[in-house]
Amino acid sequence: MTSSKALTRTYFIFCRAFLLLTAALPGTLCAQGSDEVRSVQNIFAPVGPPAEILKQTAVLVLLICLGIFVVVGGFLFYAVVRYRRRSTDDDTTEPPQVYGSTAIELAWTVPPILIVVVLALVTARTIGEIQHPKFAGDPLELRIVGHRFWWELQYPKYKIITANEIHVPVSYLSTPRPVEMTLASADVVHGFWVPELNGKEWLVPDRENKWWIQPTALGTYLGNCTVLCGPQHANMLIRVVVESPEDFEKWAARQQQPANSDPKAEEGRKAFGTNSCGSCHTIDGTSFNGIFGPNLTHFMTRRTLGSGVAPNDEANLKSWLRNPQELKPGCEMPDMKLSPTQGDQIMAYLRTLN
Ligand code: CUA
């Protein structure tokens, strides 16, 4: 009875694992071109050259491994079936022992060496192509600074500083627009990964790493921090919005403007100052110039708040201002103990920053 229960349990665990795997492996394609805040990413749906090269290498490695699995598994299966014990009067004496067969020694030495050499060469070529790209076209410069638990984004040529939501123009064959990234960190080690666009790269304090993407299809691509950097590592999400060159220029022109100063939000602006919000956040065109938190100049142009933790809507912003530690426990923004009136005023002000 117990053993049949254990068997049923094992069967259920197996089914669950299988379902999980089949669901996770191909990913869901809904991240592409949609407005999702969270979604499963997919390394087998590359959008642009670096991710495409990585996928080709991954597929080659998987195919070689599949070949090895079939050959080794085939021999094993054959031996198990062919030499199984069939009846009690089977011949159970020791079979002839073979020593020093040159053919067998060569067979299990030479092919594995060749396979390893092929894998090493292909990997070296892939690393070279990813790390020393020859850009077709003038790359867009983007400096990304990892912070616990958000992303600072600087577009030096456009003189834009923003956060968490990367905007880049799409790359067409006729007009390639690679994005050359410089990755740095303000505190601990982080990792940058948008699976559809490229592999992972580190953001290390006191060091700059180069990275690049070249998205060839419109859409929104999501990514994660890949290095455990603290309690909110999992909510250090990246959004890459790939848009037409015209839309990108429009976005950039908007980001270059100083913040709105709507007279109706004047009380909120004052409350923002008296509660020291400005010592951590910058709002261009005001006296608020803190650098510990995300730049809020065009806060309302971003789809999410808290670096992807929730959609940037009224209810979530209200909750965030009441106590950021509820939506994002362990994040660096403390509970400011705002009164409900102050919270509402600051919310009204932030919601004018589009
Ligand atoms: Cu930053 Cu994990």
Side-chain angles (χ1 to χ4, degrees), residues 24 27-28 31 36-43 50-51 54 130-131 141-156 160-168 179-213 215 220-242 279-282 290-296 299 302-312 316 319-320 323-335:
T28 60
E36 295 289 320
V37 167
R38 281 163 199 276
S39 126
V40 178
Q41 288 106 51
N42 185 1
I43 63 161
L54 286 172
I130 302 271
Q131 296 204 331
E141 278 176 44
L142 171 58
R143 190 182 151 82
I144 302 180
V145 185
H147 292 253
R148 297 180 65 191
F149 304 99
W150 59 281
W151 307 89
E152 178 184 339
L153 312 170
Q154 307 169 357
Y155 294 74
I160 294 170
I161 296 181
T162 178
N164 303 330
E165 190 171 296
I166 298 172
H167 284 245
V168 295
V179 181
E180 186 173 31
M181 299 169 164
T182 305
L183 304 182
S185 168
D187 38 47
V188 298
V189 173
H190 301 276
F192 183 89
W193 191 29
V194 183
E196 276 94 354
L197 303 182
N198 199 346
K200 302 171 184 176
E201 184 54 288
W202 298 81
L203 294 86
V204 183
D206 298 324
R207 198 199 138 86
E208 290 189 340
N209 283 334
K210 289 289 180 192
W211 206 229
W212 64 294
I213 57 173
T220 299
Y221 306 96
L222 303 186
N224 297 69
C225 179
T226 57
V227 182
L228 182 61
C229 51
Q232 279 299 326
H233 154 71
N235 283 319
M236 190 168 161
L237 306 175
I238 310 159
R239 267 179 104 68
V240 181
V241 180
V242 179
S279 44
C280 284
H281 295 283
T282 291
I291 53 165
F292 295 109
N295 185 307
L296 298 178
F299 172 68
R302 305 205 280 261
R303 171 81 177 84
T304 67
L305 53 78
S307 201
V309 77
N312 184 6
N316 288 327
S319 153
W320 184 269
N323 181 6
Q325 300 296 322
E326 273 173 26
L327 268 176
K328 201 166 174 174
C331 76
E332 302 283 282
M333 179 167 161
D335 177 1

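Just so you know, these numbers use all the heavy atoms, side chains as well, and skip hydrogens, waters and symmetry mates. Read the numbers this way: they start at 1 and go in the same order the structure lists the ligands and their atoms.
- Note that CG of Leu203 is 11.5 Å distant from CD of Glu152, once rounded to the nearest 0.5 Å.
- Contacts of Trp151 classified as ring pair (Phe, Tyr, Trp, His ring centres under 6.0 Å), with partners at least two apart in sequence or in another chain: Phe192.
- One distance of note links NE2 of His147 with CD1 of Ile291; it measures 7.5 Å at 0.5 Å rounding.
- Every ring pair (Phe, Tyr, Trp, His ring centres under 6.0 Å) that Tyr155 has, sequence neighbours left out, goes to Trp251.
- For Gly330 against Gln325, the heavy-atom pair with the smallest separation is N-OE1, 2.7 Å.
- Shown here are the side chain to side chain donor-acceptor pair (under 3.5 Å) partners of Glu180, two or more places apart in sequence or in another chain: there are none.
- Within the protein, the N, O or S atoms sitting under 2.8 Å from atom 1 (Cu) of ligand 1 are His190 ND1, Cys225 SG, Cys229 SG, Met236 SD.
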